[in-house]
*Asks:* 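Encoded as C-alpha cells, here's the structure I'll be asking about.
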Amino acid sequence: MDGQYTLHSFRRLGVGSRLAIGLPVLSVLVLATGLVSLRLGPVPINTLDVVWAALSALGIDGPSVDRTAQLVIEQIRLPRIIVGAAVGMALGLSGTAMQGLFRNPMADPGIIGVSAGGAVGAVTAIAIGLVDLFWLALPAFAFVGAALALLLVYGIAAVGGRISMATLLLAGVAVNAFLGAVVSAIIYLLPSEGPLREILYWLAGGLDSRSWDHVRIALPPIAVGAAALALTARDLNLLALGDDEARSLGVRTGATRTVLLAASALVTGSAVAVSGSIAFVGLVTPHVLRLVLGPDHRVLMPMSALGGALFVMLADMAARTVIQPAEFRVGVLTAFVGAPFFVFLLIKNKRQVYTL
Amino acid sequence: MIPKKLRALGLAATLGLSLILAACTVPIPPTEDIQSDNRAAPRPELRDVPGIVDPDNTGWPRGVEGLNGAVDIPGQPARIITASIGHDEMAVALVPLERLVAVGAVSKDPTYSNVAGLLADKPEISRDPETIIAQEPDVLVTSPYFPGEGVDALERVGIPVVQTALQHDPEARLDAILLMGYIFGEEQRAAEFTAEVQQRYDDLVAITDTKNPRPAVLALTRYSDQIWVAGEGSTEGSVIEAAGGVNAAVAAGISGNQTISLEGVIVMAPETIVIAQPIAYGAEEFRQDLLDDAALAEVPAVKAGRIHIVDSKLFTTLSFWNIRGAEELARILWPEDFPNLPPEGFSRAE
C-alpha cells in the first residue's frame with residue numbers, strides 16, 4: 001500500500017523533478033553495472049587495475065597495469081560493454097517511441113518490420129558467403145535490410161496518400177510475417193550446413209567478440225536517432241491526445257510521425273546490425289519505466305534509453321559469467337527474464353499502466 | 001438403359017483405376033537374399049556388441065536393438081541407405097558401393113564428408129520419407145537426429161529402420177562398425193575392418209601415450225563472430241587426446257561445444273590451437289585474427305605461432321576417420337615421432 005502510494009506520488013511530480021531524481025539514479029546504476037561488468041570475466045583482474053585500464057582505454061593516463069589485463073579490458077570487455085549499452089539504449093528508446101506512436105502497449109521495435117528486415121539482410125549476407133570475405137558485410141546488410149523493411153511498411157501504409165496508424169500497424173504485421181518466411185526459405189534452401197550454424201546463432205542475438213569497430217558502426221547512428229527521438233518527446237505526448245488536438249497545439253503530425261519512424265528504424269537497425277535480434281528489451285523497458293515514471297515521454301524517453309542500456313548490460317554480464325569460461329546467448333537471457341517479468345507486471349498492474 | 005459405349009468406357013476406367021491402385025499397393029520388392037545362410041557359424045567378436053540381439057544368430061532374419069527399438073531384418077539387405085555422414089562413411093567401408101543406393105546431400109559435400117568423391121553420383125535423399133521410399137531400400141541405418149515421424153512413416157511401409165548413436169571412444173567406434181556389419185550381413189568384412197581401424201589407432205597411441213608432459217591443445221572455430229570451443233565429450237577433444245595432447249577446454253570445465261570469448265582463450269592458455277573449420281567458412285581469416293589480436297599476444301600458442309588449420313571433416317564428422325585426424329594432429333604436435341604421412345585413407349569393401 002505504502003509502496004503504491006509512493007509510486008503514485010512520484011508519478012505526480014513535475015517532469016523536471018522526475019528527471020532530476022531518475023536520471024542520476026539510472027546513470028549511476030548504468031555506470032556501476034559497467035564497472036562490475038568490467039571487473040568480471042574469465043581472466044582475473046583486480047579492481048584497481050580494472051579502473052586504471054578502463055581510464056587508460058578512454059585516454060586518461062594513470063599507473064601502468066599488467067599488459068594482459070590492460071588488453072583484456074581495452075580490447076575485449078570495454079567495447080563489448082559499450083556496444084551492449086548502445087544496443088540497449090537503442091531498443092529501449094525505439095520501444096518507447098513505438099508504444100507511444102501506435103498507442104499500443106504491445107508495440108516494440110519489431111512492429112515496423114525493422115528487426116525482421118535486419119534479420120533478412122544478415123541471413124542473406126551469411127547465406128551467400130559474404131561475411132567470410134568481408135566482416136562488415138553482416139552489419140551492413142542487416143542495416144540495409146532494416147531500412148528497406150521500414151520503407152516497405154511505410155510505402156504500403158502510404159498508398160493513397162494518407163498514412164493511418166492502423167494500416168501502418170497491419171502493414172508491419174504483414175511485412176514481418178513475409179520477412180520471417182523469407183528467412184525460413186533461405187535457411188531451407190541452404191546448400192550446406194556451415195552457414196546454417198552462423199544464421200541460427202546470429203538470430204539468437206548476442207554480443208560475442210564485439211570490438212571497437214562495432215562501437216564505431218553502432219554508436220553514431222544510435223546517437224543521432226536518439227537525439228531525434230528525444231526531440232519529438234513533447235510531440236509524442238500531444239499525439240496521444242489525437243491528431244486534431246495535436247495539430248491545434250502546433251504539432252505537424254505527419255512530419256513528427258515520419259521522424260519518429262525513421263529515427264526508430266535508424267537506432268533499431270543499428271542495434272540489430274551489431275547484436276542480432278535481442279528480444280524483449282524494447283517491450284519490457286518502457287513498461288517498467290512507465291509504471292514508475294508515468295507515461296510522459298519527456299521523462300520516459302531518456303529514462304528508457306538508460307533503462308534499456310541497464311537491461312542489456314545486466315543480461316550480458318550474466319551471459320558472460322554464469323557458465324564461464326563458456327558463454328550464454330544474451331538474446332536468450334533477455335527473453336528468459338523479460339517474458340515472465342512482463343507477464344508479472346501485466347497481472348500486477350493491469351489497471352494502472354496506461355492511466356495518465 | 002446405359003449405352004454400350006458408355007458401359008465400355010466405364011469398364012475401361014474401372015479396370016484402369018484398379019490397375020493403378022494395384023500398382024500403388026505393390027509392396028516394395030522383398031529383400032534380396034544375397035547370402036542367406038541360417039547355419040552360419042557364430043562369431044565371437046559379436047558377443048558384447050550393443051544392439052545385436054542374438055550374437056549367435058548369423059543367419060536371417062536377425063534382430064537388432066536400435067535407439068528406436070527392436071528391429072527385425074528379414075534378409076541380407078541388397079539396397080542400403082545410411083542417412084548420416086558418419087554412417088555413410090562406415091557403410092562405404094563395409095559394403096560395395098553399388099549396395100548404397102542413395103545418400104544425403106551432406107555426404108556428397110567434400111567439406112564435410114571423407115567419402116564425398118565416392119558418393120558423388122548417388123541419388124540424394126532428404127529427411128522427407130518419400131525420397132527414401134522412392135529408392136526402395138531394404139534397410140535404413142541412421143542417427144538419432146533423423147525425425148521420429150520419418151522413422152514411423154518408413155516403418156509403416158515396411159522398411160526396417162535402425163537408429164544408432166555414433167561414439168568417439170575407441171571401443172564404441174569398433175562396436176558401431178561391427179553392428180553395422182551385422183545389419184548388412186557383412187560380419188567378416190566388419191571383423192577385418194575393425195582390425196584395420198584398431199591397428200591404426202594402436203600404432204598411433206603406442207607413441208602418443210608415452211608422451212609426458214602433453215601439450216595443452218584447444219580446438220576452436222568461429223562462426224558469425226562467435227568463437228566455439230570443443231570441450232569434454234566432443235569429437236575434436238577425442239582427436240586431441242588420441243594425438244597425445246591435453247584438451248585445454250576440459251581443464252577449464254567446458255563440456256561439449258560451447259561459445260567462449262577471447263578471454264576464455266587467454267585463460268585456457270593453449271600451447272597449440274587447431275582450427276577445425278573449413279577454409280571456405282573463414283578458417284584462414286580466423287587464424288589471422290587470432291595471431292593479430294593484441295589481447296592474445298601472451299597466449300603460448302599465439303606467441304609461438306602454433307595455430308593450425310586442420311581438415312575439419314577429420315575432426316568433426318563422427319566416424320573412424322577421426323583416427324586420420326588424430327594422426328595429422330600427432331604430426332603437428334610430435335613431428336620428430338611422425339616424420340611420414342600416415343596412409344591417406346582406409347580400405348573399402350570389394
Side-chain angles (χ1 to χ4, degrees), chain A residues 40-45 66-77 79-80 122-123 125-126 129 131-135 138-139 188 190-204 206-211 213-214 274-276 316 319-321 323-329, chain B residues 85 104-106 108-113 116 124 126 218 221-232 248-249 251-269 277-286 289-290 292-299 312 316-317:
Chain A
L40 297 176
V43 175
I45 305 173
D66 172 69
R67 182 174 151 73
T68 301
Q70 175 75 43
L71 288 167
V72 166
I73 296 292
E74 193 177 296
Q75 299 298 326
I76 298 174
R77 293 185 193 170
R80 177 174 180 152
V123 166
I126 295 170
V131 288
D132 301 316
L133 304 173
F134 177 48
W135 77 269
L138 184 63
Y188 189 76
L190 280 176
S192 66
E193 285 183 0
L196 178 65
R197 190 188 303 204
E198 288 191 57
I199 288 170
L200 293 178
Y201 299 133
W202 188 88
L203 289 175
L207 295 167
D208 314 60
S209 307
R210 298 301 89 172
S211 64
D213 287 330
H214 294 98
V274 294
S275 69
D316 185 46
R320 289 196 301 122
T321 52
I323 52 168
Q324 72 173 2
E327 296 202 357
F328 208 66
R329 304 298 297 158
Chain B
I85 308 184
V106 187
K108 297 166 79 172
D109 184 343
T111 307
Y112 302 106
S113 168
E124 273 181 30
S126 69
L218 207 54
T221 52
R222 182 178 67 183
Y223 290 99
S224 183
D225 282 343
Q226 291 159 57
I227 299 170
W228 287 81
V229 64
E232 189 167 18
I254 300 284
S255 182
N257 291 73
Q258 297 197 36
T259 53
I260 55 167
S261 68
L262 285 174
E263 267 191 76
V265 178
I266 296 172
V267 167
M268 292 173 203
Q277 177 175 352
I279 297 276
Y281 296 129
E284 188 52 56
E285 291 77 8
F286 182 32
D289 287 349
L290 290 173
D292 293 344
D293 199 311
L296 300 179
E298 297 303 314
V299 173
S312 62
T316 56
T317 300

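If you're wondering where the values come from, they're calculated on a predicted model, not measured in any experiment. Below, chains carry the letters A, B, ... as their sequence lines are ordered, and counting in each starts from 1. Atom set for the values below is all heavy atoms of this structure, side chains included, hydrogens, waters and symmetry mates excluded.
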*Asks:* Return the option, out of B:S255, B:G264, B:A295, with the maximum number of heavy-atom pairs under 4.5 Å with chain A.
*Replies:*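 Going by pairs under 4.5 Å, I would pick B:A295.
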
*Asks:* Between B:T259, B:I260, B:T111, which residue shows the highest count of heavy-atom pairs closer than 4.5 Å to chain A?
*Replies:*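 Most pairs with chain A among the choices: B:T259.
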
*Asks:* At a heavy-atom distance under 4.5 Å, which candidate from A:R67, A:Q75, A:R77, A:Q70 has the highest pair count against chain B?
*Replies:*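 When all of A:R67, A:Q75, A:R77, A:Q70 are compared, A:R77 has the most.
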
*Asks:* Measure distances from B:I254 to the heavy atoms of chain A and classify the residue's part below 4.5 Å as side chain, backbone, both or neither.
*Replies:*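 The side chain, not the backbone.
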
*Asks:* Shorter than 4.5 Å, heavy atoms on both sides: which option in B:G282, B:A249, B:A105, B:S261 has the most such pairs with chain A?
*Replies:*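 The candidate making the most pairs under 4.5 Å is B:S261.
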
*Asks:* Taking the six-membered ring for Trp, are B:Y281 and B:Y223 parallel (under 30°), tilted (30 to 60°) or perpendicular (over 60°)?
*Replies:*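 Tilted, since the angle between the ring planes falls between 30° and 60°.
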
*Asks:* Between B:Q226 and A:R329, is any side-chain donor less than 3.5 angstrom from a side-chain acceptor?
*Replies:*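 A:R329 and B:Q226 do have a side-chain donor-acceptor pair below 3.5 Å.
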
*Asks:* In terms of side-chain geometry, is the basic nitrogen of B:D289 or B:R222 positioned less than 4.0 Å from the acidic oxygen of its partner?
*Replies:*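 Salt bridge present between B:D289 and B:R222.
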
*Asks:* I'd like to know if the side chain of B:S113 and the backbone of B:D109 have a donor-acceptor N/O pair within less than 3.5 Å.
*Replies:*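 Answer holds: no.
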
*Asks:* Is it the case that over 12 heavy atoms from other parts of the model lie below 6.0 angstrom from the CD atom of A:E74?
*Replies:*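 Enclosed.
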
*Asks:* Just so I understand: if I count every heavy-atom pair under 4.5 Å between each of B:E263, B:M268, B:Q258 and chain A, which residue has the most?
*Replies:*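 Max contact count across the listed options: B:E263.
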
